[in-house]
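Notes follow the structure.
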Amino acid sequence: MYRKLLTLLIVSLFAGVVPLFANNVQTPVSPAKPVLLKPTHAQEEAARYVSQYLLENHYRKVAVGDSLSQEIFNRYIDNLDGSKSYFMAGEVSRLRELYGNRIDDEFLSGRATAGFAIYNLFLKRANEKMRYLKAAADTVRFDFRTPESLVVKRDADAWPADRKELLAYWRKELKYKWLNLRYSGESPKTIRETLAKSYASRLSLLKKQSAEDAFRVYSNALTTSFDPHTDYLSPSDYENFQIDMSRSLEGIGAKLQSETEYTVVNEVIPGGPAFRAGLLKKGDKIIGVGQGKTEEIVDVVGWRINDVVKLIRGPKGTLVRLKILPASQAGRGPSKIIPIQRDKVNLEEQAAHKEIIRQSGRRIGVITIPSFYLDFEGQKRNNGAYNSTSRDVSRILGELNAADVDGIVIDLRDNGGGSLEEAVNVTGLFIPSGPVVQVSSSSGGKGVLRDEDRQVAYTGPLTVLVNRYSASASEIFAAAIQDYGRGVIVGERTFGKGTVQSIIRLERPYSLFGKQPELGQLKLTIAKFYRISGESTQHKGVVPDIFMPSLIDNSAIGEDTYTSSLPWSTVSRSFYSQSLEVSQPLINQLRVKFQSRILADPAYQNYLKDVATLNAIRKKKSISLKESVFRVETEKIKQIEKLWVPETDNESKPPKVTGRDIVLDEAVAITADLAGVKPVGSEVIVNKPTQIN
């Protein structure tokens with residue numbers, strides 16, 4: 001009965017479909033045979049274990065019912081069609097009516113019938129769209145003088161009401177891609193060829209879709225409805241995850257993830273080739289991959305992430321060219337091609353390093369910490385020569401003390417975290433002893449991680465520089481320094497990831513039938529970090545004492561951009577001695593000096609104007625498809641990036657910045673100001689001890 005109902009649904013949704021015609025295309029697009037995927041027995045087994053672990057062990061306790069069902073449905077539809085360019089309004093309504101309140105029942109029983117039915121319908125629509133666009137790309141002629149625009153921020157918009165509205169959006173989407181390619185440097189002839197190849201490739205990929213593809217997208221909608229960092233990893237996905245974590249395979253040194261039809265950079269690994277090149281950032285979308293200096297760049301939009309990874313990986317010393325849509329442009333600017341020479345992660349490049357900068361007659365040490373790293377195996381062997389952030393920073397502090405610097409900046413920009421133990425140990429280099437971070441588990445228990453060593457490696461003026469990419473362990477360090485009143489936090493609000501994940505292998509308790517397919521793994525959120533002040537770093541991040549913006553698109557990067565992120569919350573304070581070397585009156589003084597200085601600095605004022613211009617472009621709901629307007633906006637983005645973003649002309653030259661690192665310069669100046677004033681106050685005992693359960 002259910003299968004019959006599903007068949008009737010698919011027929012009714014596509015009844016009366018008219019032939020699709022592109023602009024100036026005279027031949028109707030022939031219908032493609034629909035792909036009907038079904039979940040495997042192993043996938044349904046995995047789904048049962050996933051639901052069990054989510055309900056019993058996830059930090060967020062969720063009641064199973066229609067509310068959860070609707071949340072999963074909405075997220076799944078959004079993951080499939082976030083641009084609202086595949087489904088029509090009536091189809092979404094019918095899907096919601098049929099499945100909106102059923103997913104919770106299937107979730108409990110480990111079935112994925114609804115997920116596969118919706119995915120099959122999506123494949124049908126995707127085939128139609130790609131066939132239309134491919135036919136149109138062959139013959140279409142656009143008038144770029146027409147004042148029309150493409151709506152790119154469609155969150156609050158309805159799905160197209162009918163096929164006419166849907167086709168109109170597809171046409172505008174093609175026109176935008178044409179303009180984007182033109183201003184990325186392609187000629188009209190190559191644009192037509194590039195688009196035709198791209199859509200032909202997408203059609204070929206759609207034909208190769210498997211049950212694993214459907215299950216991956218559907219299970220992701222289930223898990224991320226609990227929180228954005230909980231994820232199901234199929235056996236093949238987990239293999240790639242292990243390779244990424246080991247950081248041993250020769251490649252570019254970046255972790256990637258899928259977001260709708262794009263492969264997106266999730267992390268640039270410190271010490272890796274991409275990190276050294278300085279051209280790839282978290283949030284960048286990889287839309288093409290080319291081998292060597294001259295091989296054609298293959299369009300990878302819509303590809304499985306595992307297949308994209310295979311193209312990017314390769315032998316040490318070989319060149320790969322990535323075509324990206326930079327995150328800083330919010331998807332509006334032209335694509336860029338960046339060359340990266342494949343290599344292994346170099347631990348020396350990952351290590352903390354220093355420089356000394358002279359500012360206002362003072363010598364300021366800058367310690368850059370790319371990540372909080374620790375050689376766990378070396379630590380186990382206790383051979384005395386293992387790599388760790390705290391050991392390296394301790395050594396550097398000794399060198400800076402010997403150089404008699406007047407103050408120190410700890411640069412944590414783009415530091416995505418790493419070892420929690422190292423975050424605690426590095427904090428301990430600046431405080432006598434005491435708690436550094438609190439951890440609350442899913443079972444309700446709470447613990448405190450402490451610095452037990454009363455030795456302090458550095459007691460002078462301290463500034464911590466952060467940006468939106470500073471996350472996790474970086475936030476723990478910055479928050480502790482701020483809570484102790486030990487230093488000044490400058491930059492912009494941090495990422496806001498205050499949760500802990502654990503990898504759980506999905507295993508059958510026993511098997512009566514010999515060797516059976518692997519079920520995969522579950523990356524599960526099991527705990528939450530809290531500052532010693534009792535506030536969470538989750539969602540809100542660490543708010544700087546003195547704000548300096550960056551070119552990062554804060555509307556697209558950060559924990560608060562995820563709709564299912566765990567909320568900010570509080571627990572009781574820890575017992576700690578606050579030094580008050582940096583008090584609120586002192587911060588106010590430093591802000592006044594900072595404002596006075598930047599008002600008199602033409603370069604900084606130009607920087608602020610460029611940041612404001614870029615943010616104004618990002619906030620626009622629509623992109624103009626009139627070439628004269630599109631050109632002005634595109635050239636403005638290029639001009640801003642040329643001034644403030646590293647760039648390179650070819651693979652043999654290191655990246656360069658034509659403008660100065662103006663944010664670091666100001667952090668150094670603030671530290672020099674801090675060195676010129678005496679701290680007020682003394683140690684203050686804060687609150688009463690926190691019980692450790």
Side-chain angles (χ1 to χ4, degrees), residues 39-80 99-119 211-238 241 257-259 266 439-445 497-509 517-529 536 538-539 559 562-567 569:
T40 66
H41 179 68
Q43 286 165 352
E44 292 194 322
E45 265 193 288
R48 286 195 292 274
Y49 287 110
V50 167
S51 64
Q52 177 184 334
Y53 278 113
L54 285 172
L55 294 175
E56 293 179 3
N57 302 109
H58 193 278
Y59 188 87
R60 180 187 177 200
K61 301 308 176 188
V62 178
V64 178
D66 289 350
S67 177
L68 176 62
S69 187
Q70 288 287 345
E71 184 177 348
I72 294 170
F73 175 85
N74 290 337
R75 181 163 285 105
Y76 187 39
I77 292 292
D78 188 59
N79 288 350
L80 290 173
Y99 301 116
N101 292 331
R102 294 187 54 167
I103 292 176
D104 57 321
D105 299 323
E106 293 195 359
F107 170 72
L108 290 172
S109 62
R111 287 183 290 124
T113 311
F116 273 73
I118 295 170
Y119 196 81
E212 183 174 350
D213 296 309
F215 190 69
R216 178 186 291 115
V217 180
Y218 184 53
S219 63
N220 178 261
L222 290 171
T223 58
T224 55
S225 291
F226 283 71
D227 93 297
H229 306 290
T230 293
D231 194 16
Y232 168 74
L233 303 171
S234 69
S236 60
D237 290 337
Y238 182 67
F241 177 80
Q257 66 184 31
S258 291
E259 287 185 14
N266 184 48
V439 183
S440 170
S441 71
S442 57
S443 61
K497 184 182 183 294
T499 56
V500 185
Q501 284 72 44
S502 178
I503 299 291
I504 298 171
R505 184 186 180 93
L506 304 181
E507 290 187 296
R508 304 172 181 89
E518 293 284 333
L519 299 180
Q521 324 272 330
L522 180 66
K523 182 157 67 80
L524 187 70
T525 296
I526 58 169
K528 199 171 177 181
F529 291 127
S536 176
Q538 171 64 18
H539 199 80
E559 189 77 8
Y562 301 123
T563 56
S564 63
S565 64
L566 298 184
S569 57

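Position 1 is the first residue of the sequence, and the numbers go up from there. For clarity, every value in this text was computed on a predicted model and none was experimentally measured.
- Residues I526 and Y59 are not in side-chain contact: their nearest non-hydrogen atoms beyond the backbone lie 4.5 Å or more apart.
- The minimum heavy-atom distance between N101 and Q70, with the atom names listed, is OD1-NE2, 3.1 Å.
- S69 places a side-chain N or O within donor-acceptor distance of the main-chain N or O of I103, the cut-off being under 3.5 Å.
- Shown here for Y232 and G520, the closest heavy-atom pair between the two residues is OH-CA, 4.1 Å.
- Under a 4.0 Å N-O distance rule, the pair R216/D213 qualifies as a salt bridge.
- N57 meets the side-chain hydrogen bond (donor to acceptor under 3.5 Å, both in side chains) test with no other residue; sequence neighbours excluded.
- Contact between L566 and Q538 at its shortest, heavy atoms only, is O-NE2, 2.9 Å.
- Among the candidates S442, S569, S441, the single residue satisfying the side chain to side chain donor-acceptor pair (under 3.5 Å) test with K528 is S569.
- Taking 4.0 Å as the cut-off between side-chain N and carboxylate O, E44 and R111 do not count as a salt-bridged pair.
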For residues 220-230, dump all side-chain donor-acceptor pairs below 3.5 Å to protein atoms at least two apart in sequence or in another chain.
residue, atom, partner, partner atom, Å
N220, ND2, D231, OD1, 3.4
T223, OG1, S219, O, 3.2
T223, OG1, N220, O, 3.3
T223, OG1, T230, O, 3.1
T224, OG1, N220, O, 2.5
S225, OG, R75, NH1, 2.9
S225, OG, A221, O, 2.7
D227, OD1, H58, NE2, 3.0
D227, OD1, T230, N, 3.2
D227, OD1, T230, OG1, 2.4
D227, OD1, T525, OG1, 2.9
D227, OD2, H229, N, 3.3
D227, OD2, T525, OG1, 2.9
H229, NE2, E559, OE1, 2.8
H229, NE2, E559, OE2, 3.2
T230, OG1, H58, NE2, 3.1
T230, OG1, T525, N, 3.2
T230, OG1, T525, OG1, 3.3

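- Here the closest heavy-atom approach between residue K497 and residue T499 is recorded as NZ-O, 2.9 Å.
- With sequence neighbours left out, E259 forms a side-chain contact (heavy atoms from CB on, under 4.5 Å) with Q257, V264.
- In summary, the aromatic rings of Y76 and Y218 are positioned with their centroids under 6.0 Å apart.
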